[in-house]
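Here's the structure we're looking at; comments come further down.
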Amino acid sequence: MSTLRLGDEAPNFTAQTTEGEINFHDWLGEGWGILFSHPADYTPVCTTELGTVARYKPEFDKRNVKVIALSVDGLESHKGWIKDINETQHTTVNFPIIADEDKKVSKLYDMIHPNADSQHTVRSVFVIGPDKKIKLTITYPASTGRNFDELLRIIDSLQLTAYHKVATPANWKSGEDCVIVPSVADADIPKLFPKGHTEVKPYLRVTPQPNMD
Ligand code: BEZ
């Protein structure tokens, strides 16, 4: 499998998970999804990551995003480790973890980076839209746990910009001003952005977030 790029269809697969066998596209349904890999079960950073995702589940639900984790460990390993995650992170793991022992999904999504580690998945993140297309990819090394606040911020931007002709500036957070995309003609701005706008430069036009009251 060549590297997956933004706009590519997220490859479908069937897999064993801690919540039963799934067909990935059927499991995604009509909403958004996040597929993320971690290097291995019973490791410290991964334990904190999966506990964090479990705690953030209501935030993902609010955004209509399903979350699924993956490592190349087996189902029994995942199930044993979940008990440790729940105990140490004071949570209940409430999303499936794929058991990818044969590395079928890892290879399909290019989650093993041999020059970093020939056997284990790195910390890949794929955000998938309702059209099953890849909207965002991020890759972290094993040594760096992910920032799931940043992932929620990304989802807010992806969902906003999917439906409105805006983009989000550096360090933007939901509720803050957005920029109008360059393809919008000045003449169309009043109709598209009734809350008003400020022209800082002809190419830098700022407007309040359109989907906020
Ligand atoms: C961890 O999750 O803690 C971890 C996994 C692999 C290498 C380094 C750290």
Side-chain angles (χ1 to χ4, degrees), residues 1-6 10-11 13-22 24 27-28 32-61 63 65-128 134-156 158:
M1 179 79 211
S2 63
T3 306
L4 291 170
R5 294 179 173 166
L6 303 188
F13 57 81
T14 55
Q16 296 299 328
T17 83
T18 49
E19 296 186 1
E21 185 175 293
I22 61 155
F24 186 51
W27 177 84
L28 282 168
W32 293 70
I34 296 176
L35 169 64
F36 71 107
S37 58
H38 57 274
D41 295 355
Y42 296 103
T43 50
V45 176
C46 302
T47 300
T48 62
E49 285 195 325
L50 270 65
T52 301
V53 172
R55 273 199 308 283
Y56 280 30
K57 177 85 168 7
E59 292 299 321
F60 290 116
D61 287 347
R63 292 163 174 83
V65 180
K66 289 176 125 186
V67 185
I68 189 163
L70 173 149
S71 81
V72 297
D73 299 294
L75 215 45
E76 289 316 306
S77 167
H78 285 346
K79 286 181 177 169
W81 181 43
I82 282 173
K83 291 185 195 142
D84 281 6
I85 298 170
N86 290 342
E87 176 195 328
T88 63
Q89 307 303 303
H90 312 291
T91 188
T92 302
V93 170
N94 44 16
F95 55 88
I97 309 174
I98 296 169
D100 193 36
E101 277 183 298
D102 62 3
K103 301 182 178 164
K104 182 179 79 178
V105 182
S106 313
K107 287 180 183 159
L108 201 54
Y109 278 78
D110 198 23
M111 291 165 162
I112 296 177
H113 296 198
N115 291 328
D117 184 324
S118 61
Q119 299 301 320
H120 299 100
T121 41
V122 291
R123 298 188 198 281
S124 300
V125 181
F126 294 88
V127 179
I128 298 156
I134 293 175
K135 304 300 180 188
L136 177 126
T137 66
I138 332 180
T139 309
Y140 290 59
S143 53
T144 304
R146 282 160 283 210
N147 182 329
F148 291 93
D149 289 319
E150 167 64 357
L151 203 47
L152 290 174
R153 190 193 76 87
I154 286 168
I155 295 282
D156 287 339
L158 290 173

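Read the numbers this way: they start at 1 and go in the same order the structure lists the ligands and their atoms. A quick note: this is a predicted structure, and the numbers were derived from the prediction, not measured.
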- Pick out which of Thr48, Ile138, Leu151, Val125 makes a side chain to side chain contact (heavy atoms under 4.5 Å, CB included) with Arg146. Val125
- Message: So that I can tick it off, tell me whether Glu59 and Arg63 are bridged by a salt bridge, with the cut-off set at under 4.0 angstrom between side-chain N and carboxylate O.
- Response: yes
- Message: Quick check against the 3.5 Å criterion: does Arg123 have a side-chain atom that pairs as donor or acceptor with the backbone of Thr139?
- Response: no
- Message: Can you report which non-hydrogen protein atom sits closest to atom 4 (C) of ligand 1, along with the distance?
- Response: Arg123 NH2, 3.6 Å
- So Ser71 and Asp41, side chain to side chain donor-acceptor pair (under 3.5 Å) or not? Walk me through it. CA-CA 7 Å; Ser71 81; Asp41 295 355; 3.2 Å; yes
- Message: To check your reading of the model: name the closest protein heavy atom to atom 7 (C) of ligand 1, its residue, and the distance in Å.
- Response: Ala142 CB, 3.5 Å
- Which residue holds the protein heavy atom closest to atom 3 (O) of ligand 1, what is that atom called, and what is the gap in Å? Val45 N, 2.6 Å
- Message: Checking Asp73 against His78: is there a side-chain donor and acceptor pair closer than 3.5 Å?
- Response: no
- Message: Regarding ligand 1, does Pro44 bring an N or O atom to under 3.5 Å of one of the ligand's N or O atoms?
- Response: yes
- Message: With nothing but distance in play, are any N or O atoms of Pro39 less than 3.5 Å from an N or O of ligand 1?
- Response: no
